[in-house]
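Below is one structure, written out as structure tokens; the observations come after it.
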Amino acid sequence: MSSTPFDLPPQYDPREVESRLYQRWLAADAFTVRADSPKPPYVIVIPPPNVTAILHVGHGLNDVIQDVLVRFERMRGRGAEWLPGTDHAGIATQNVVEKLVAAEGTTRFDLGRERFVERVWAFVRETGGVILEQLKIIGCSCDWSRTVFTLDPAYSQAVREAFVRLWEEKRIYRGHRVIHWCPHCLTSLSDEEAEFADETGKLYHIRYRVDGGPQPFLTVATTRPETMLGDTAIAVHPDDPRHAGFIGKTAHIPITDIAIPIIADEAVDPKFGTGFVKVTPAHDANDFEIGTRHKLPMPLVMTPEGRMGEDGGRGTGEGGRVPAPLQGLDRFEARDRIVKQLKDEGLLDKVEPHPHAVRHCYRCDTVVEPRLSDQWFVAMKDLARPALAAYQDGRVKFVPDRWGATYEHWMENIRDWNISRQLWWGHRIPVFTCGKCGHVWAARQDPAACPKCGDRKLTQDPDVLDTWFSSWLWPFAAFGWPERTPDLARFYPGHTLVTAPEILFFWVARMIMAGIHFMERPPFATVYLHGTVRDTQHRKMSKSLGNGIDPLDVVRLYGADALRWTLIAGSSLGADVVLDPNDLETTFAPGRNFANKLWNIGRFVLAQLPGEVPPLERIDRHTLTLADRWILSRLEATVRDATGSFEQFRLDEGAKRCFDFVWKDLADWYVEAVKPRLATPERGGAPSGAAGARWAAAEEGAPTRSAAQAVLCYCFDAALRLLHPVVPFITEELWQKLPGRKPDELLTLAAWPSFNPDLVDAELEMQFQRVQQVVEGIRSIRAEYRIPPKSRLRASITARGRDNRVIFEAESETIRRLAQLEELAFDGAAKRVGAHAIFGDGSEVFVALEGAIDVQQECTRLSTERTRLDQQLERLTAKLSNENFVARAPADVVAREREKEREWRFQRDALDGKLKSLGCS
RNA sequence: GGGCGAAUAGCUCAGCUGGUUCAGAGCGCCUGCCUUACACGCAGGAAGUCGGGGGUUCGAAUCCCUCUUCGCCCACCA
């Protein structure tokens with residue numbers, strides 16, 4: 001009954017609702033799919049967050065997008081499997097625990113490998129589930145029964161299997177070369193892990209003494225003077241005429257005076273610097289190439305920690321290269337020392353500012369040191385080729401498509417992958433060496449004895465694998481590979497991968513390669529690359545900048561749905577999302593307000609509906625009013641559009657489409673229009689025709705109450721379904737309260753509305769639009785003449801044509817109510833003093849305003865309107881009289897313009913007539 | 001040094017295949033309203049030469065060129 005007091009509070013409180021509903025979803029196993037489910041699968045594997053991570057808003061965006069897709073497909077009847085998990089994140093996690101250990105006054109070296117790793121495990125066991133719990137708070141519908149950690153025993157076996165297979169295929173090899181070394185993390189890094197940052201460094205011009213050359217000195221330019229100690233040659237371009245006389249002579253390193261040859265090599269760019277290049281093969285990748293070509297010695301002059309010193313272990317140095325006073329100095333301190341000494345000795349020609357890109361460790365941001373060492377590499381070219389083809393033949397698509405070009409470029413220029421990390425936390429490299437015969441092999445199980453000579457003195461490679469070497473197996477290893485599990489058969493390959501473009505190469509490209517290599521098929525069909533969350537200055541949100549937003553704060557203050565709404569509505573396809581960390585209210589209130597709007601529509605609807613509402617198809621179509629049929633048409637159009645948007649990953653568009661339907665169409669118009677019918681108890685008998693009596697709709701509409709209830713219930717139910725993927729909590733909460741709900745029914749598992757094209761009626765929408773225009777016209781007049789809302793107006797409509805008249809009469813109650821009219825008449829209104837509005841179809845509305853206006857005022861208003869119309873008409877007429885337009889534009893465009901012209905002329909003529917009849921000049 | 005993206009209302013952004021969704025939304029602003037679902041709301045407004053310039057076209061916010069300003073990615077110039 002409409003008079004029943006509302007038993008729901010007028011403001012929605014998400015805190016009371018969200019965790020309760022999440023528990024209910026879990027209890028119903030709503031997010032789990034059995035491998036033998038008959039439903040066609042839809043699979044997303046989560047980009048596993050670092051096991052030490054706590055949720056930030058970047059995760060929030062990534063995971064909410066996935067959740068919307070998964071919930072959408074689940075409602076569409078797919079067996080939606082969203083596999084969650086965490087990544088052991090070798091360097092990052094080891095760093096975190098090393099800091100903890102340091103706080104306890106000890107180091108990992110004090111503890112030793114075994115105890116340190118156990119310490120990390122303890123930490124992970126204690127805190128590793130935090131981020132997954134946080135995902136629940138924001139509503140993520142992951143299948144928690146299949147949660148995977150990349151160091152789980154089964155997963156570790158998969159990593160080992162992958163390694164051994166690649167070993168057996170001879171794709172893994174020992175490389176002796178210059179790699180990126182992090183002196184802080186004390187490990188090598190892949191090319192991708194050593195990130196460029198633009199900096200203004202200095203270019204030092206240093207003089208080297210030359211024996212028997214054309215000049216007594218030559219000058220080299222370097223940004224890293226400290227590497228000078230490791231120089232083993234000076235190189236010039238073979239065709240550089242300036243320096244030809246130097247080739248074959250001997251130069252001397254300043255300070256140490258060590259003699260080095262001057263050689264010719266094409267790698268030297270004669271146009272850069274002085275044309276002389278110092279060659280430090282052990283500390284520069286290019287120099288290493290030169291050194292190899294010329295068989296130069298390759299002494300290391302830095303320790304792994306980045307301090308000056310001999311490191312006989314791996315280099316091929318002859319020793320005695322680092323003078324005693326410099327030994328043990330940090331590389332940057334040594335640089336200053338050396339520069340000062342050079343200056344003192346007059347060997348520093350000049351120092352120039354020099355902008356260049358310096359590589360930093362992606363985990364600790366330390367400047368990376370190029371360093372000669374032995375590492376395990378994977379040969380990538382053969383793996384990349386089919387992965388590139390998978391993109392080119394369309395088996396893998398990128399959204400937005402432009403990322404495909406980036407992917408292509410990287411794949412075509414792929415380099416071998418350094419997978420060794422000098423860490424303790426991770427998958428130990430399963431390579432063994434026999435102490436007796438020296439045999440080296442990779443093994444799936446830890447061997448007891450050498451397979452060659454049977455000796456039992458074996459050593460395992462001390463290093464662990466790059467974390468990404470386990471991540472690239474995620475889409476199949478997480479489902480049990482290499483075992484042929486039912487899960488693997490069912491859920492591989494998956495469908496959509498959602499991630500940020502930053503890890504396109506780290507992870508996405510490698511997953512495609514691994515998927516094709518180990519599983520014969522790409523792991524997913526579509527890669528959706530979303531944007532980055534930034535602040536209003538377009539800076540990436542980060543802990544160090546202090547510009548982050550804690551998603552859990554947002555949940556606390558505004559609710560999870562509000563967080564989700566802002567993230568989804570704010571991110572158009574592939575574009576960055578800008579949020580203001582200093583103004584959470586502006587950023588998140590719209591989402592909260594929308595949830596509250598839904599809540600209140602729900603309060604109203606629920607108060608109007610009886611315990612049983614007949615399904616729409618049992619309602620006699622003849623009892624449906626224009627407004628009923630209009631809202632149903634709008635709903636179906638929304639279903640069609642929102643479905644299409646979601647299918648194309650245009651989540652913001654789909655979300656906003658539903659928002660508009662709910663707020664603009666359903667709440668602002670339909671609910672308001674339908675109130676009188678809901679309030680009028682039904683009498684027996686069928687309604688008679690609408691045309692006729694002035695208050696036809698009010699009186700004869702009475703029997704349509706049940707139709708109104710059915711339509712209202714149907715539309716609201718559908719709206720909740722449409723919005724559920726984006727705002728799952730509020731929609732589930734309200735849906736539970738709708739009439740006829742069985743106790744175990746969940747919106748989360750309910751069906752997505754199917755599109756019913758029969759209910760879409762463009763003509764009908766136009767008709768209702770005329771009603772809306774009349775209402776808005778009257779409201780405008782009221783505002784313009786400052787008529788207080790309480791003073792009830794009398795208005796009269798003169799419809800142009802019988803069809804329009806029928807429409808206006810049928811919806812006269814709607815018009816009367818929404819325009820706050822005391823009385824609405826049709827035609828024949830006395831031409832008293834009042835205001836007029838004239839519509840595109842030539843229909844006219846008159847609002848009686850004795851005392852409120854004078855004729856002069858109304859004349860001014862109407863002639864302003866006519867001037868505006870005249871100008872528009874003039875432009876349109878010019879367009880239509882342009883022969884080129886008429887001849888070349890498509891016929892339907894021309895026809896539409898003609899129709900527009902016709903309408904405007906009606907309107908203009910009607911205005912003219914009105915001005916004349918009022919006696920305006 | 002290459003490649004990509006962005007510039008639209010005061011702010012944050014939509015605008016996809018050129019033309020009745022073409023100049024939009026949310027927030028903010030102005031004017032009225034506590035109209036019995038909602039003031040986290042309702043109604044009515046103001047506000048932009050779509051970064052500059054050129055071109056293609058009957059027609060350009062939309063396509064092309066160019067310039068400016070900001071991002072991002074890739075690259076061994078010491």
Side-chain angles (χ1 to χ4, degrees), chain A residues 2-3 5-6 8 10-12 178 196 203 220-224 227 235 267-269 271-274 276-280 284-289 354 356-357 370 400 402-403 405-406 409-410 413 501-502 504-505 532 534 536 538-540 558 562 569-580 583 585-587 589-608 648 650 652-653 656 659-660 667-668 671-672 675 776 779-784 786-790 817-818 820 879 882-890 892-894 896-897 899-900:
Chain A
S2 58
S3 56
F6 297 97
L8 299 173
Q11 284 197 354
Y12 171 60
V178 171
F196 284 107
L203 194 58
V220 303
T222 179
T223 53
R224 295 186 296 150
T227 63
V268 179
D269 178 359
K271 290 189 289 295
F272 184 86
T274 61
F276 289 108
V277 175
K278 59 190 277 306
V279 180
T280 321
D284 185 286
N286 296 317
D287 294 2
F288 175 77
E289 301 294 323
H354 181 65
H356 61 150
R402 65 186 135 87
W403 289 104
T406 310
H409 182 255
W410 191 73
N413 297 286
E502 289 111 82
L504 186 58
F505 305 136
T532 307
R534 299 181 182 280
T536 49
H538 290 256
R539 299 176 308 177
K540 197 169 164 175
Y558 301 93
S571 63
S572 64
L573 194 73
D576 287 345
V577 183
V578 177
L579 305 176
D580 189 348
D583 190 353
E585 182 68 16
T586 295
T587 308
R592 176 203 58 193
N593 295 352
F594 179 46
N596 198 53
K597 186 72 181 181
L598 275 172
W599 178 252
N600 276 290
I601 297 169
R603 283 177 77 214
F604 175 79
V605 169
L606 292 170
Q608 303 303 322
Q648 293 168 67
R650 298 181 173 275
D652 63 318
E653 197 180 72
K656 285 174 189 159
F659 174 98
D660 283 341
D668 288 351
V671 164
E672 294 303 330
K675 275 176 178 173
E776 285 166 344
R779 284 170 174 171
S780 267
I781 287 170
R782 182 191 286 278
E784 203 163 335
R786 309 215 173 279
I787 311 300
K790 285 201 183 67
R817 194 188 139 73
L818 297 188
Q820 305 257 66
K879 191 179 197 176
N882 179 339
E883 284 171 33
N884 276 324
F885 172 73
V886 178
R888 300 201 193 190
D892 61 312
V893 171
V894 177
R896 251 179 283 144
E897 297 290 307
E899 174 60 21
K900 191 158 71 175

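Just so it is clear, the model here is predicted, and its values are computed rather than measured. Chain naming here is simple, since letters A, B, ... match the order of the sequence lines and numbering starts at 1 in each.
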Checklist entry - A889(A) near the nucleic acid: base, sugar-phosphate alone, or nothing, with a heavy-atom cut-off under 4.0 Å? => result base
Item to check | V578(A) side chain, from C-beta outward: closest of A43(B), C72(B), C13(B) | outcome: C13(B)
Next on the checklist: Could you tell me how far U69(B) sits from A61(B) if I compare only their P atoms? Round to whole Å.
Outcome noted: 25 Å
Item to check | Pairing partner (Watson-Crick or G-U wobble, both distances under 3.5 angstrom) of G41(B) | outcome: C33(B)
Checklist outcome for this item: Of the listed A78(B), C38(B), U12(B), the closest approach to the K597(A) side chain comes from C38(B)
Checklist entry - If you find the nucleotide of RNA chain B closest to W403(A) and the one closest to A589(A), which residue's nucleotide is nearer the 5' end? => result A589(A)
Checklist entry - Nearest 0.5 Å, what's the CD-CG distance between Q648(A) and L573(A)? => result 9.0 Å
Next on the checklist: Roughly how many Å apart are C34(B) and C42(B), using the P atom of each and rounding to a whole number?
Outcome noted: 16 Å
Next on the checklist: What is the separation between atom NE2 on H538(A) and atom P on C72(B), rounded to the nearest whole Å?
Outcome noted: 11 Å
Next on the checklist: Applying a 4.0 Å non-hydrogen cut-off, can you work out what D269(A) is touching in the nucleic acid: base, sugar-phosphate, or nothing?
Outcome noted: base
Item to check | Separation of C77(B) C1' from D287(A) CG (nearest whole Å) | outcome: 11 Å
Checklist entry - Taking only side-chain nitrogens and oxygens of T586(A), does any of them come within less than 4.0 Å of OP1 or OP2 of C27(B)? => result no
Checklist entry - Which one is paired to G48(B), where only Watson-Crick or G-U wobble pairs with both distances under 3.5 angstrom count? => result none
Item to check | Rounded distance (Å) that lies between atom P of C40(B) and atom OH of Y558(A) | outcome: 12 Å
Next on the checklist: Please give the distance between the P atoms of U36(B) and C30(B) as a whole number of Å.
Outcome noted: 25 Å
Checklist entry - How do G570(A) and T406(A) order along RNA chain B: which one's closest nucleotide is nearer the 5' end? => result G570(A)
Checklist entry - Could you state the interatomic distance from NE2 (H354(A)) to OG1 (T222(A)), rounded to the nearest 0.5 Å? => result 9.5 Å
Checklist outcome for this item: Against the side chain of V268(A), the closest entry in G19(B), G41(B), A78(B) is A78(B)
Checklist entry - For atom P, what is the distance between C65(B) and G3(B), given to the nearest Å? => result 12 Å
Item to check | Selection from C38(B), C33(B), G19(B) that lies nearest to any side-chain heavy atom of P789(A) | outcome: C33(B)
Next on the checklist: Can you see if the side chain of R402(A) gets near the phosphate of C4(B) - specifically, an N or O under 4.0 Å from OP1 or OP2?
Outcome noted: no
Next on the checklist: Between G59(B) and G2(B), how far apart are the two P atoms, rounded to whole Å?
Outcome noted: 36 Å
Checklist entry - D576(A) has an atom CG; how far is it from atom P of C72(B), in whole Å? => result 10 Å
Next on the checklist: For the C1' atoms, the ones on G24(B) and on U35(B), what distance do you get once it is rounded to whole angstrom?
Outcome noted: 29 Å
Next on the checklist: For the NE2 atom on H356(A), are there more than 12 heavy atoms of other groups (residues, nucleotides or ligands in this structure) within a distance under 6.0 Å?
Outcome noted: yes
Next on the checklist: Just to be sure I understand the rule, does P788(A) reach a base, reach only the sugar-phosphate, or reach nothing, if contact means heavy atoms closer than 4.0 Å?
Outcome noted: nothing
Next on the checklist: Students often get this wrong, so: under 4.0 angstrom with heavy atoms, is A575(A) touching a base, only sugar-phosphate, or nothing?
Outcome noted: sugar-phosphate
Next on the checklist: Test your reading of the model: is there a side-chain donor-acceptor pair from R592(A) to the backbone of Y558(A), 3.5 Å cut-off?
Outcome noted: no
Item to check | Assigned partner base of C72(B), Watson-Crick or wobble definition, under 3.5 Å | outcome: G3(B)
Checklist entry - Under 4.0 Å between a Lys/Arg side-chain N and an Asp/Glu carboxylate O for E899(A) and R896(A)? => result no
Item to check | Nucleotide A78(B), atom P - distance to CD of E289(A) in whole Å | outcome: 16 Å
Checklist entry - Quick one: does NZ or CZ of K597(A) land under 6.0 Å from the six-membered ring centre of F659(A), within 45 degrees of the ring axis? => result no
Checklist entry - Atom CD of Q820(A) to atom P of G44(B): distance rounded to whole Å? => result 11 Å
Checklist entry - OP1, OP2 of G45(B) versus side-chain N and O of S780(A): anything below 4.0 Å? => result yes
Checklist entry - For R786(A), which contact category applies under a 4.0 Å heavy-atom criterion: base, sugar-phosphate, or nothing? => result sugar-phosphate
Item to check | Candidates U31(B), G71(B), A75(B) - which lies nearest the side chain of F196(A) | outcome: A75(B)
Item to check | Minimum-distance nucleotide to N596(A) side chain [options: C40(B), G71(B), G19(B)] | outcome: C40(B)
Checklist entry - For C38(B), does OP1 or OP2 lie under 4.0 Å from any side-chain N or O of N593(A)? => result no
Checklist entry - Under 4.0 Å between a side-chain N or O of K540(A) and OP1 or OP2 of G71(B)? => result no
Item to check | Residue matched to A23(B) through Watson-Crick or wobble contacts both under 3.5 angstrom | outcome: none
Item to check | Selected nucleotide, minimal atom distance to E776(A) side chain, candidates C73(B), G44(B), C76(B) | outcome: G44(B)
Next on the checklist: With a 3.5 Å limit on both atom pairs, tell me what A78(B) is paired to, counting Watson-Crick and G-U wobble, or say none.
Outcome noted: none
Checklist entry - Within less than 4.0 Å of OP1 or OP2 of U36(B), is there a side-chain N or O belonging to K675(A)? => result no
Next on the checklist: For a quick check of understanding: with a heavy-atom distance under 4.0 Å over all strands, which category does V671(A) fall into, base, sugar-phosphate or nothing?
Outcome noted: base
Item to check | Pairwise P distance for U12(B) and U17(B), with rounding to whole Å | outcome: 26 Å
Checklist entry - Can you find a donor-acceptor N/O pair under 3.5 angstrom joining the side chain of E672(A) to the base of A43(B)? => result no
Next on the checklist: Ring-plane angle category for Y12(A) and W599(A), please: parallel below 30°, perpendicular beyond 60°, tilted otherwise.
Outcome noted: tilted
Checklist entry - When the distance from CZ of F604(A) to P of C42(B) is rounded to whole Å, what number comes out? => result 14 Å
Checklist outcome for this item: To the nearest angstrom, the CG-C1' distance between D580(A) and G26(B) comes to 14 Å
Item to check | Phosphate-side-chain proximity, K790(A) and C34(B), N/O vs OP1/OP2 below 4.0 Å | outcome: yes
Item to check | Watson-Crick or G-U wobble mate for U62(B), both contacts under 3.5 Å | outcome: none
Item to check | Sugar-phosphate, base or nothing in reach of A221(A), heavy atoms under 4.0 Å | outcome: base
Item to check | R779(A) side-chain proximity, nearest of A43(B), G71(B), A78(B) | outcome: A43(B)
Next on the checklist: Of the listed nucleotides (C38(B), G19(B), A78(B)), which one gets closest to any side-chain atom of R603(A)?
Outcome noted: C38(B)
Checklist entry - From R534(A) CZ over to K540(A) NZ, what is the distance, rounded to the nearest 0.5 angstrom? => result 7.5 Å
Item to check | Taking every non-hydrogen atom, the tightest pair across F885(A) and E897(A) | outcome: CZ-CG, 3.8 Å
Next on the checklist: Using the P atom as the point on both nucleotides, what is the distance between A14(B) and A9(B), in whole Å?
Outcome noted: 12 Å
Item to check | G574(A) versus P400(A), closest heavy-atom pair with distance | outcome: CA-CG, 4.0 Å
Checklist entry - Would one find a side-chain N or O of H409(A) under 4.0 angstrom from OP1 or OP2 of A75(B)? => result no
